[in-house]
Protein chains: 2
Amino acid sequence: MSVSEFSLIERYFAAHRFQRSDVALGIGDDCALLLPPTGQQLATTVDTLVSGVHFFADADPEGVGHKALAVNLSDLAAMGATPAWATLALTLPQANEQWLAAFCRGMFALADRHGVQLIGGDTTHGPITVITLQAHGFVPPGWALRRDGAKPGDGLYVTGTPGDAGLALAAAFGKATVAASHENYIRARLERPEPRIAEGLALRGVASAAIDVSDGLAQDLGHILERSRVGARLEVERLPLSPALAASLDREAAVVTALTGGDDYELCFAVPPERISQLEGSVAKWSCRHTRIGVITAKPGLQLARANGSAFDLEQRGYEHFG
Amino acid sequence: MSVSEFSLIERYFAAHRFQRSDVALGIGDDCALLLPPTGQQLATTVDTLVSGVHFFADADPEGVGHKALAVNLSDLAAMGATPAWATLALTLPQANEQWLAAFCRGMFALADRHGVQLIGGDTTHGPITVITLQAHGFVPPGWALRRDGAKPGDGLYVTGTPGDAGLALAAAFGKATVAASHENYIRARLERPEPRIAEGLALRGVASAAIDVSDGLAQDLGHILERSRVGARLEVERLPLSPALAASLDREAAVVTALTGGDDYELCFAVPPERISQLEGSVAKWSCRHTRIGVITAKPGLQLARANGSAFDLEQRGYEHFG
């Protein structure tokens, strides 16, 4: 790309003039200058989306812009942090104005809804599109939702309906058939995940541990169990399946998808028994459902149990990548 | 890459156990948790290196690791910030342990020298290697070296000897011949740029504007002039040429290379007349030379002048990408 093409790109990002009072200097110098609030911890996360790996090369660029920010805000949500700032490193094969305009629309619409300011970035030329976004937020000391705080006896919960994005991917690869009436819903769940920011904030002081589900519920829950040195018993019949998922796959396949499908960006969290009433008091304001799916155990490992007490064996059902 | 290959990679980064007291939680959760110092501004920058664009695909990985961090630390230096934290987003075609080990050696050696802790990252699979590193540092409010503070009459300076990295690139592409005695020097200047951190800190309260030279001295100085709404008169005979550059090219070509060669990561800065004695008092402790190359003018634009007063015309000398 020529220098002028780069200027064009940079104008796209600098043109969006949302200005937070804690940004002393935004896009356009060697560094951004920020004013972190006194007495708060700074939460920082970074995620990369690679064309052809994390999104289809011909995916709607507005959705790609949304998702690049959403996956990062989801990490802040899982930490119980209030979003504030983002930086964007964008590698592009060419300066396609139409693509860029749509990408910006998707990214800035989500950023504006959560009060996030783009404070800097880098635009480079490369053979494929690679998007690395970094998000920053704030959390009072001691209130962050870490992965390592779960204790035996804590209730195990998940937001929303996991497996929908996995179903959308399976449908895109011709491995599942979805009725036309469910198509828009599952595509939105894959392409426009809604970071559970309000829910993460509500879980401060309530959840003992939390993680966002990006690689599949079973695998991500595994990170909580490992870090907290505990196990969990997950009752597969309790898994909240969306009408789209329940209608598109048989019951067993739907459960496998809910357990292993990635890209959901729901929160999986643990709540100590004495704080469950606090949780139930807060959920009235949530924009998504929450479901108790099991309990944290002293016995290590993840047990997947049916209501009749028998084990649900994921690997027997053809899921290869688990564990 | 499989899950286990990812774990391998993540172990490489988590294994380096340098721990700053202002990092409450480092690699391994949804976010890092940081404790920015009270009363300081947070300076943030991000830069991407793409294989085949910013470094040769077969480049020494130790040098690539060094450079990925160095270009970011150079931005902190140009802002007068003290480095603190970094995140790394790494897209790789495969998990090559030997490459990763060398990359980490280069990156962590430089990080350790500047007290920088790697606090998080993301490792993804993709068809080519793309490295996005983000660095954070601190600067007291009002002390940052911005691009927009240069005033007519300010002296114009540069650190080190610009053009060496440009010469190394020209040699790599067969467009210049470098004597064997200078080869190691110019290769180090291209592959192992030394971020001018101490010099940036020394310029706090001294320089009125600063930038690091990544795209060529003339072009990067142009950013200071544009942002400060001033011009400059740069005396080309004053340009400090390294013995390697002076010996490898004729005088005119060497000057063009010093003005337009990228990847130097030297600092270009302006100093008001009343602070020049302060500058001269501080440079005894610098690890590199500094040279006055001209003066900031009220007349906009960059004038390149010979000692006899005639103009030095870059474009006449075959340089196409300038301006």
Side-chain angles (χ1 to χ4, degrees), chain A residues 2-3 24-25 28-36 38-39 41-54 74-76 78-79 81 85 87-91 119-122 124-128 130 132 134 136-137 139 141 144-148 210-212 215 219 227 321 323, chain B residues 2-3 24-25 28-36 38-39 41-54 74-76 78-79 81 85 87-91 119-128 130 132 134 136-137 139 141 144-148 210-212 215 219 227 321:
Chain A
S2 71
V3 171
L25 189 63
D29 211 302
D30 294 299
C31 296
L33 292 175
L34 310 166
L35 309 161
T38 304
Q41 290 184 336
L42 182 67
T44 298
T45 182
V46 59
D47 274 294
T48 299
L49 302 186
V50 180
S51 173
V53 178
H54 302 94
S74 180
D75 280 320
L76 292 180
M79 214 76 194
W85 312 310
T87 64
L88 174 68
L90 193 55
T91 302
I119 49 145
D122 189 22
T124 51
H125 180 241
I128 53 155
V130 179
T132 293
Q134 174 150 342
H136 303 79
V139 61
L145 308 175
R146 299 166 57 137
R147 296 180 180 177
D148 58 4
I211 193 168
D212 71 323
D215 297 327
Q219 188 173 317
R227 285 309 200 85
H321 309 291
Chain B
S2 71
V3 171
L25 189 64
D29 211 302
D30 294 299
C31 295
L33 292 175
L34 309 166
L35 308 162
T38 304
Q41 290 184 337
L42 182 67
T44 298
T45 182
V46 59
D47 274 295
T48 299
L49 302 186
V50 180
S51 173
V53 178
H54 302 94
S74 180
D75 281 319
L76 292 179
M79 213 75 195
W85 312 309
T87 64
L88 173 68
L90 193 54
T91 301
I119 50 144
D122 189 22
T123 312
T124 51
H125 180 240
I128 54 154
V130 179
T132 292
Q134 173 151 343
H136 302 80
V139 60
L145 308 175
R146 300 166 55 136
R147 296 179 179 177
D148 59 2
I211 193 169
D212 71 322
D215 297 327
Q219 187 172 318
R227 285 308 203 84
H321 311 291

inquiry  = Need one label for A:T44: side chain, backbone, both or neither, based on atoms under 4.5 Å from any heavy atom in chain B.
reply    = both

message = Looking only at heavy atoms and a cut-off of under 4.5 Å, which of B:L34, B:D122, B:V46, B:D29 has the most pairs with chain A?
response = B:D29

query = chain B heavy atoms under 4.5 Å from A:A81: which part of the residue, side chain, backbone, both or neither?
reply = neither

query = Looking at A:Q134, A:R146, A:H54, which one has more heavy-atom pairs under 4.5 Å with chain B than the rest?
reply = A:Q134

Per-residue contact mode, A:L145 against chain B (heavy atom under 4.5 angstrom) = backbone

Close side-chain approach of B:D47 and B:L49, heavy atoms under 4.5 Å = no

message = Before you tell me yes or no, could you show the steps for A:L42 and B:L42 under side chain to side chain contact (heavy atoms under 4.5 Å, CB included), namely the whole-Å CA-CA distance, both residues' side-chain angles and the distance that decides it to 0.1 Å?
response = CA-CA 11 Å; A:L42 182 67; B:L42 182 67; 3.6 Å; yes

ask   = For the candidates B:G121, B:G39, B:S51, which exhibits the highest count of non-hydrogen atom pairs separated by less than 4.5 Å from chain A?
value = B:G121

inquiry  = Tell me the closest heavy-atom pair linking A:R227 and A:D148, and the distance in Å.
reply    = O-CB, 3.5 Å

Max heavy-atom pair count under 4.5 Å with chain A, selected residue of B:A210, B:S74, B:P36 = B:P36

remark   = Given A:V50, A:L33, A:T91, the one with more heavy-atom pairs under 4.5 angstrom with chain B than any other is A:L33

note = Pair count under 4.5 Å, heavy atoms only, with chain B: among A:G52, A:A89, A:A24, A:G28, highest is A:G28

request  = Would you check if the side chain of B:T87 reaches a backbone N or O of B:G120 as a donor-acceptor pair within less than 3.5 Å?
outcome  = no

key: Side chains of A:D30 and B:T45 in contact at under 4.5 Å (non-hydrogen atoms)   = no

message = Ring-plane angle category for B:H136 and A:H136, please: parallel below 30°, perpendicular beyond 60°, tilted otherwise.
response = perpendicular

ask   = Quick one: of A:L35, A:V53, A:D75, A:T38, who has the most non-hydrogen atom pairs under 4.5 Å with chain B?
value = A:D75

